[in-house]
Q: 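One structure is given below, represented as structure tokens, and several questions about it will come after.
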Amino acid sequence: MEPNLPDVVLWSIPAFVLLTVIEMVSYRLHPDEDAAGYETKDAATSVTMGLGSLGFDLLWKIPILAIYMGVYELTPLRVPVVWWTVLLMLLAQDFFYYWSHRGHHVIRILWACHVVHHSSEKFNLTTALRQPWTSATVWPFYLPLIACGVHPAALAFCQSANLVYQFWVHTERVGKLPRPFEYVLNTPSHHRVHHASQGGYLDRNYGGILIIWDRMFGSFAAEAERPVYGLTKNISTYNPLRVATHEYAAIARDVRAADTWSERAGRVFRGPGWQPAVKAGATTATATTTLTPAPEVSPQASAPERAR
């Protein structure tokens with residue numbers, strides 16, 4: 001029996017609109033020259049990407065739901081949907097979200113999807129709406145939950161709750177919260193670090209609702225210097241189609257220009273900043289991607305972007 005759970009995203013839309021308006025007004029009344037703030041074209045692009053993602057997600061959900069239901073029917077396990085199991089499912093979903101998010105930063109073909117969310121040089125509540133149109137790369141990370149007997153509808157509820165929570169952390173108008181909150185939860189301060197393009201901030205703070213996963217798995221960084229948002233090589237476009245596809249195009253160019261199959265595989269499956277090493281005049285593929293590359297080797301820029 002399919003669990004009867006609310007559509008938390010739909011119910012949250014009025015709050016999204018209200019909070020965005022309040023944030024815009026706050027910049028009018030109390031401008032901050034150091035904050036990224038709002039820019040009309042950028043905000044319009046973010047909203048367009050969000051609306052587009054709703055349509056594309058409906059298409060991706062058809063095959064993904066079929067796979068999930070197939071796995072769910074095959075497993076003998078069943079997790080009942082009651083208040084305490086929902087809390088456990090939210091915790092488990094947030095754990096797998098951490099690994100999905102981390103994977104989408106360190107594997108280039110996955111980064112091609114997620115880079116959309118990092119492509120704005122602004123950081124405000126409309127940035128939260130800047131979502132990819134190719135989110136079909138996310139589903140494999142949650143298969144363990146389905147195999148453990150979590151109904152796909154319950155997983156969808158947890159994913160929606162996670163998404164709704166992350167809306168409010170996309171702001172510069174909220175400073176650091178009291179230490180207990182900062183230690184456990186993903187907050188605006190932590191998420192500003194995640195969206196920053198400085199070398200010391202790259203590939204940090206992947207958490208969705210909780211920041212404890214980053215503390216446990218070595219990817220946490222506290223906010224110190226003021227973040228500079230966007231990519232290490234920004235794409236400088238407001239064209240939604242280019243925003244959605246620019247990294248896929250860069251991968252295709254790199255694969256066409258590669259000399260060996262190992263280099264082609266590296267261009268697709270290694271880190272976004274990976275380059276083949278040059279030894280004695282010959283190019284050979286080698287693993288150079290680390291969790292925190294040096295600032296000049298950015299995991300948030302494609303190989304062509306870094307070459308320019």
Side-chain angles (χ1 to χ4, degrees), residues 5-32 34-39 42-51 53-54 57 86-87 90-91 93-95 97-98 100-101 104 114 116-132 135 156-196 201 204-215 220-223 226-227 229-230:
L5 294 167
D7 186 337
V8 290
V9 173
L10 182 63
W11 282 98
S12 300
I13 289 175
F16 291 169
V17 174
L18 178 61
L19 289 172
T20 302
V21 170
I22 291 174
E23 186 183 47
M24 288 179 174
V25 171
S26 77
Y27 274 110
R28 289 284 186 179
L29 297 179
H30 301 285
D32 182 348
D34 294 324
Y38 276 85
E39 197 276 326
D42 179 84
T45 299
S46 295
V47 172
T48 301
M49 296 306 299
L51 293 174
S53 72
L54 295 176
D57 282 352
V86 170
L87 293 178
L90 283 167
L91 181 65
Q93 188 275 331
D94 197 58
F95 173 77
Y97 172 85
Y98 169 85
S100 171
H101 195 180
H104 278 72
H114 186 62
V116 169
H117 186 60
H118 286 263
S119 61
S120 175
E121 297 176 57
K122 305 295 182 181
F123 191 75
N124 53 59
L125 292 176
T126 65
T127 308
L129 306 177
R130 187 175 286 230
Q131 296 295 323
S135 57
F157 169 80
C158 293
Q159 290 175 313
S160 297
N162 199 309
L163 184 67
V164 168
Y165 176 88
Q166 289 189 63
F167 177 79
W168 80 281
V169 301
H170 291 81
T171 184
E172 293 187 279
R173 304 308 272 179
V174 176
K176 289 191 176 183
L177 302 178
R179 185 173 297 179
F181 295 99
E182 293 286 337
Y183 191 83
V184 175
L185 297 173
N186 184 22
T187 65
S189 176
H190 298 328
H191 208 60
R192 287 192 288 269
V193 168
H194 180 70
H195 274 259
Y201 283 167
R204 299 296 178 184
N205 300 358
Y206 299 115
I209 297 174
L210 302 174
I211 203 67
I212 57 173
W213 314 121
D214 292 279
R215 297 185 185 275
F220 176 75
E223 184 180 28
R226 196 170 195 119
Y229 304 108

Q: Mind checking whether His101 and Trp213 have side chains closer than 4.5 Å, heavy atoms only?
A: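 A side-chain contact under 4.5 Å is absent here.
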
Q: What distance do Leu163 atom CG and Cys158 atom SG have between them, rounded to the nearest 0.5 Å?
A: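 Answer for the CG-SG pair, Leu163 versus Cys158, is 13.0 Å.
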
Q: Keeping the roles fixed (side chain from Arg215, backbone from Tyr183), state whether a donor-acceptor pair exists under 3.5 Å.
A: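 Checking the backbone N and O of Tyr183 against the side chain of Arg215, a donor-acceptor pair under 3.5 Å is found.
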
Q: When rounded to the nearest 0.5 angstrom, what distance separates OH in Tyr165 from OG in Ser12?
A: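 OG of Ser12 is found 14.0 Å from OH of Tyr165.
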
Q: State whether Glu39 and Lys122 are salt-bridged, where the test is any N-O pair (Lys NZ or Arg NE/NH1/NH2 against Asp/Glu carboxylate O) under 4.0 Å.
A: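 No, no charged N to carboxylate O under 4.0 Å.
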
Q: When rounded to the nearest 0.5 angstrom, what distance separates CD in Glu23 from OH in Tyr27?
A: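 Going from CD on Glu23 over to OH on Tyr27, the span is 5.5 Å.
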
Q: Nearest 0.5 angstrom please: Trp168 CH2 to Leu19 CG, how far?
A: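 So the gap between those two atoms works out to 11.0 Å.
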
Q: Once rounded to the nearest 0.5 Å, what's the spacing between atom CZ of Arg173 and atom CD1 of Ile22?
A: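 One finds 12.5 Å between CZ of Arg173 and CD1 of Ile22.
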
Q: Which pair of non-hydrogen atoms, one from Phe157 and one from Pro6, has the smallest distance, and what is that distance?
A: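 Here Phe157 and Pro6 meet closest at CD1-O, 3.6 Å.
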
Q: Between Glu223 and Ser189, which heavy-atom pair has the shortest distance, and what is it?
A: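 Heavy-atom minimum between the residues: OE1-OG, 2.7 Å.
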
Q: As a quick check of understanding, evaluate ring-ring contact (aromatic ring centres under 6.0 Å, His included) for His170 and His117, giving each step before the final call.
A: CA-CA 11 Å; His170 291 81; His117 186 60; 5.0 Å; yes

Q: Relative to each other, are the rings of Phe123 and His191 parallel, tilted or perpendicular (30° and 60° limits)?
A: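 Plane angle between 30° and 60°, so tilted.
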
Q: Which atoms form the tightest heavy-atom contact between Val9 and Ser160, and what is the distance?
A: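 For Val9 and Ser160, the tightest heavy-atom pair comes out as CG2-CB, 3.7 Å.
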
Q: His190 and side-chain hydrogen bond (donor to acceptor under 3.5 Å, both in side chains): which single residue from Lys176, Arg204, Glu182 fits?
A: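 Passing option: Glu182.
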
Q: Applying side chain to side chain donor-acceptor pair (under 3.5 Å), can you list everything that pairs with Asn124, at least two apart in sequence or on another chain?
A: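 Applying side chain to side chain donor-acceptor pair (under 3.5 Å) to Asn124 gives Thr126.
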
Q: Provide the closest heavy-atom pair for Tyr201 versus Ala196 in the form atom of the first, atom of the second, distance.
A: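 Shortest heavy-atom contact: CD1-CB, 3.3 Å.
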
Q: For side chain to side chain contact (heavy atoms under 4.5 Å, CB included), just list the numbers for Thr187 and Val169, CA-CA rounded to whole Å, side-chain angles, deciding distance to a tenth of an Å, and then say yes or no.
A: CA-CA 5 Å; Thr187 65; Val169 301; 5.5 Å; no

Q: For residues Gly208 and Asn186, report the shortest heavy-atom separation together with the two atoms involved.
A: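 Distance-wise, the nearest heavy atoms are O-ND2, 3.0 Å.
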
Q: Distance check, rounded to the nearest 0.5 Å: Thr20 atom OG1 versus Leu129 atom CG?
A: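 Rounded to the nearest 0.5 Å, the OG1-CG separation comes to 6.5 Å.
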
Q: Could you pull out all residues at least two apart from Asp42 that satisfy salt bridge (charged side-chain N to carboxylate O under 4.0 Å, His left out)?
A: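 Expected list: Arg130.
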
Q: Applying side chain to side chain contact (heavy atoms under 4.5 Å, CB included) to Phe16 and Val164, what does each step give before you reach the verdict?
A: CA-CA 9 Å; Phe16 291 169; Val164 168; 4.1 Å; yes

Q: Who are the salt bridge (charged side-chain N to carboxylate O under 4.0 Å, His left out) partners of Asp32, not counting sequence neighbours?
A: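 Expected list: Arg226.
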
Q: Side chains of Tyr38 and Arg28: does their closest heavy-atom pair fall under 4.5 Å?
A: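 No. Closest side-chain heavy atoms not under 4.5 Å.
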
Q: Could you pull out the closest heavy-atom pair between Asp214 and Tyr206, with the gap in Å?
A: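 Minimum heavy-atom contact is OD1-N, 2.7 Å.
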
Q: side-chain hydrogen bond (donor to acceptor under 3.5 Å, both in side chains) between Asp94 and Asn162: does it pass, once the steps are laid out?
A: CA-CA 7 Å; Asp94 197 58; Asn162 199 309; 2.9 Å; yes

Q: Are His104 and His118 an aromatic pair, judged by ring center distance below 6.0 Å?
A: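 So the answer is no for these two rings.
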
